[in-house]
Amino acid sequence: QVHLVESGGGLVQAGGSLRLSCAASGFTFNIKAMGWYRRAPGKQRELVAHITSGGDTNYADSVKGRFTISRDNAKKTVFLQMYSLKPEDTAVYYCNPVPVPWTYWGQGTQVTVSS
């Protein structure tokens with residue numbers, strides 16, 4: 001049974017940093033490319049970063065240079081280090097495989113950036 005547990009969100013001021021974690025279980029984590037998605041209020045969910053099983057990374061233009069995705073296959077965990085946060089980064093952040101996410105989504109972790 002797939003299970004994804006996101007954590008690490010919070011309230012920060014603009015310019016601040018946060019590190020998100022996602023613990024995965026129920027599937028062969030190390031062979032899956034994993035992504036961090038976010039859903040801002042009133043907007044559709046978007047993919048902001050992903051990392052392949054081999055460690056190659058890709059970022060949405062809106063976060064490039066500010067966010068870093070990484071993974072620990074031994075711990076079945078994917079991370080998102082976020083720097084220079086902006087109010088427009090405010091959203092609920094989720095992890096899931098890419099390019100085709102599971103139909104299951106975790107509860108997400110709320111990131112709120114105040115101006």
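Excluded from the calculations below are hydrogen atoms, water molecules and symmetry mates; all remaining heavy atoms, backbone and side chain alike, are included. Just so you know, residue 1 is the first one in the sequence shown, and it goes up from there. Keep in mind it's a predicted model, so treat the numbers as computed, not measured.
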query: Just wondering, are more than 12 heavy atoms of other shown residues or ligands nearer than 6.0 Å to OH in Tyr83?
result: no
Query raised in the report: Is there side-chain contact between Asn58 and Val98, with heavy atoms separated by less than 4.5 Å?
Result: no
Query raised in the report: Hey, quick one: are Val113 and Val48 part of the same hydrophobic cluster, counting side-chain heavy atoms closer than 4.5 Å, chains of contacts allowed?
Result: yes
Residues at least two apart in sequence or cross-chain that pass side chain to side chain contact (heavy atoms under 4.5 Å, CB included) with Thr28, listed by chain then number, are Asn30, Ile31
(Q) Starting from Leu47, can I reach Tyr94 by hopping between I/L/V/M/F/W/Y residues whose side chains sit under 4.5 Å apart? (A) yes
Taken in chain and number order and not counting sequence neighbours, the residues that satisfy side-chain hydrogen bond (donor to acceptor under 3.5 Å, both in side chains) with Thr112 are Gln110
query = Quick one: does Gln81's side chain get under 4.5 Å of Ser17's, heavy atoms only?
reply = yes
If you apply the rule salt bridge (Lys or Arg N to Asp or Glu O under 4.0 Å), what do you find for Asp61 with Lys64, and how did you get there? CA-CA 5 Å; Asp61 287 344; Lys64 200 171 293 184; 3.2 Å; yes
Stepwise, does the side chain to side chain contact (heavy atoms under 4.5 Å, CB included) test hold for Arg66 with Asp89? CA-CA 11 Å; Arg66 300 188 297 119; Asp89 295 318; 2.7 Å; yes
Would a 4.5 Å heavy-atom cut-off, applied to side chains only, mark Val111 and Arg38 as touching?
no
CG (Asn96) and NZ (Lys32) are apart, to the nearest 0.5 Å, by 9.5 Å
Taken in chain and number order and not counting sequence neighbours, the residues that satisfy side chain to side chain contact (heavy atoms under 4.5 Å, CB included) with Ser7 are Ser21
What one should report as the nearest heavy-atom pair of Ile51 and Arg71 is O-NH1, 3.4 Å
Here the pair of heavy atoms bringing Ser115 nearest to Ala14 is CA-CB, 4.4 Å
In terms of heavy-atom contacts, Cys22 and Leu4 come closest through SG-CD2, 4.1 Å
Say whether Tyr93 and Leu11 are linked into one hydrophobic cluster, either directly or through other cluster members, by side-chain heavy-atom distances under 4.5 angstrom.
no
(Q) According to a hydrophobic-cluster definition based on side-chain heavy atoms being under 4.5 Å apart (Ile, Leu, Val, Met, Phe, Trp, Tyr only), do Leu18 and Phe79 belong together? (A) no
Is it true that Leu20 and Val63 fall in one hydrophobic cluster, defined by side-chain heavy atoms closer than 4.5 Å? yes
Interatomic distance, CZ@Arg19 vs CE@Met82, rounded to 0.5 Å, equals 11.5 Å
So the ring pair (Phe, Tyr, Trp, His ring centres under 6.0 Å) pairs with at least one residue in residues 18-70 (sequence neighbours excluded) are Phe27-Trp102, Tyr37-Trp105
Sorted by chain and number, sequence neighbours left out, side chain to side chain contact (heavy atoms under 4.5 Å, CB included) with Gln107 holds for Val5, Glu6
Residues joined to Val100 in its hydrophobic cluster, side chain to side chain under 4.5 Å directly or through other members, sorted by chain and number, are none
